[in-house]
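This report concerns only the one structure given below.
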Amino acid sequence: MTSPDTATKRPETGPLSHLGRIIAIASGKGGVGKSTVTANLAVTLAQRGLRVGLVDADLYGPSIPGMLGIATDVPPVMSPEGKVIPAEAHGVKVMSMAMLTGDDNPAILRGPMVTKYLQMFIAQVQWGELDVLLLDLPPGTGDTQLTLAQSFPLTGAVVVSTPQDVSLKIARRGLRMLEKVNVPILGIVENMSGFTCPSCSEVTHIFHQGGGKEIAATLGVPYLGAIPLDPAIVDSGDNGVPLAIAAPDCPAAGAYAMIADALTADLAQPSGIQIPFDWHLDAGTGKPAPVAAAPQAATDRPLALDYDATGLTIRWADRTQTIDPRELRLACSCAACRDEISGKQLLNPASVPLDVMPTRIWSVGNYALGIAFSDGHSSGIYPLTMLRRIESAEAEDV
Ligand code: ADP
């Protein structure tokens, strides 16, 4: 079992670093048990001593308060600084649209409003220091979900599916979309995967089994586990006490615990330079210390970063790469510099000064670097896999 300590490491720096790891729970369609999985994972992680926040981002059908027994008939309390104080239940801090609308009715919101509300839920809520913030995304993998996934510095996403072919097909589409926009997939969870007999606790598989595992293997993403169909899950959800707390010894609670473990192991500090870091090149502070390559070190983790007149040098386990600073600036794939759908460059190269250079480089989760430049641009997130693909200055010279 993974020690809770591995999940307490903060991959983020910057204004949201106090939120710890931000993990989105997504599903291709509604009714697959996404919110139930989120609520149970949240309480499981809280029971392990982690400081957990949960944003009910399913603004159209906020069900988290009901599942955690949070009253929605009293408006949330504001802090003296004008921030919303989140509700708290079973050791989990919660913010949900239901707490603003006063009931579980779906809010009628257009896509851009959803993002605005969620930004408010994240930035205008007095979360305090968190280890993990779970986002229960609205069902589906359309534009709204993609915008949401890209609006926050996500550590990654978990996709929940049921074992039926149609549900798995939709989940697969969702996984591909998330991959396309560089949201790391932490894994797929198969829910309602077999039936738990209420009297003997034996699990019988009603639908064909293993579809989630197959998809995970085909797409090369982790398979986090299967949660059996269990009538007690519905009751505990209705009673406001998640099954992971109400019946911690039942097979479904065991499955939630295993998923929490797998998730935590996936979030463990990878080999490579220590994260988080926040390197201010202009001030000369925060530069990550170089590390030696461990045997069989992953090749997609930087072992050292350096910057001089030739550009940004990244030492990987298998090669050293130097990227020209202007090349780096032009490679920015943020929404302002590149069209997210077509991939077409929006940034006019003529507008980028010839002597542009990075002024600050910081870790974004364990999968990307954030880079601010001397031309004032600072919204670029550079996935490590993308950086590795940029032609190095030396390669061009050959
Ligand atoms: P979603 O968030 O995907 O729309 P919910 O989490 O609201 O789905 O779950 C839909 C319904 O399915 C709820 O009534 C919930 O109690 C039930 N449910 C979820 N997971 C299970 C399970 N493993 N076994 C039995 N019922 C479940």
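We count ligands from 1, going down the list as the structure has it; atoms in each ligand are counted the same way. Index from 1, following the sequence.
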Sub-3.5 Å N/O-N/O distance, [X] and ligand 1:
X	answer
Lys29	no
Ile227	no
Tyr256	no

Sub-4.0 Å protein heavy atom near atom 15 (C) of ligand 1: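 Protein heavy atoms within 4.0 Å of atom 15 (C) of ligand 1 - there is at least one.
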Among all the protein's non-hydrogen atoms, which is closest to [atom], and how far away is it?
atom	value
atom 25 (C) of ligand 1	Asp230 O, 3.2 Å
atom 26 (N) of ligand 1	Val234 CG2, 3.4 Å
atom 4 (O) of ligand 1	Gly31 N, 2.8 Å
atom 18 (N) of ligand 1	Met192 CE, 3.8 Å
atom 20 (N) of ligand 1	Asn191 ND2, 2.9 Å
atom 19 (C) of ligand 1	Thr36 OG1, 3.5 Å
atom 7 (O) of ligand 1	Met67 CE, 3.6 Å
atom 27 (C) of ligand 1	Ile233 CG2, 3.7 Å

Do [X] and [Y] have side-chain heavy atoms sitting under 4.5 Å apart?
X	Y	value
Phe277	Leu369	yes
Leu312	Ile361	yes
Thr322	Asp306	no

Candidate pair Leu347 and His377, rule side chain to side chain contact (heavy atoms under 4.5 Å, CB included), full reasoning: CA-CA 11 Å; Leu347 172 69; His377 189 73; over 6 Å; no
Hydrophobic cluster membership, Val356 vs Leu346, 4.5 Å side-chain cutoff: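 Hydrophobic grouping puts Val356 apart from Leu346.
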same_hphob_cluster(Tyr223, Leu175) at 4.5 Å side-chain heavy-atom cutoff: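 Linked, Tyr223 and Leu175 end up in one cluster.
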For the student: nearest non-hydrogen atoms of Lys93 and Trp127, plus distance: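 In this case the closest contact between Lys93 and Trp127 is NZ-O, 2.8 Å.
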Evaluation steps, side chain to side chain contact (heavy atoms under 4.5 Å, CB included), between Met97 and Asp56: CA-CA 7 Å; Met97 192 67 179; Asp56 188 0; over 6 Å; no
Side chain to side chain contact (heavy atoms under 4.5 Å, CB included) assessment of Leu54 paired with Leu68: CA-CA 11 Å; Leu54 200 175; Leu68 293 178; 4.1 Å; yes
Nearest-option assignment for atom 23 (N) of ligand 1, heavy atoms, candidates Pro228, Ala252, Gly33: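 Ranked by closest heavy atom to atom 23 (N) of ligand 1, first place is Pro228.
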Close-contact set for ligand 1 against Lys34 heavy atoms, below 4.0 Å: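 Close to Lys34: 1 (P), 2 (O), 3 (O), 6 (O), 8 (O).
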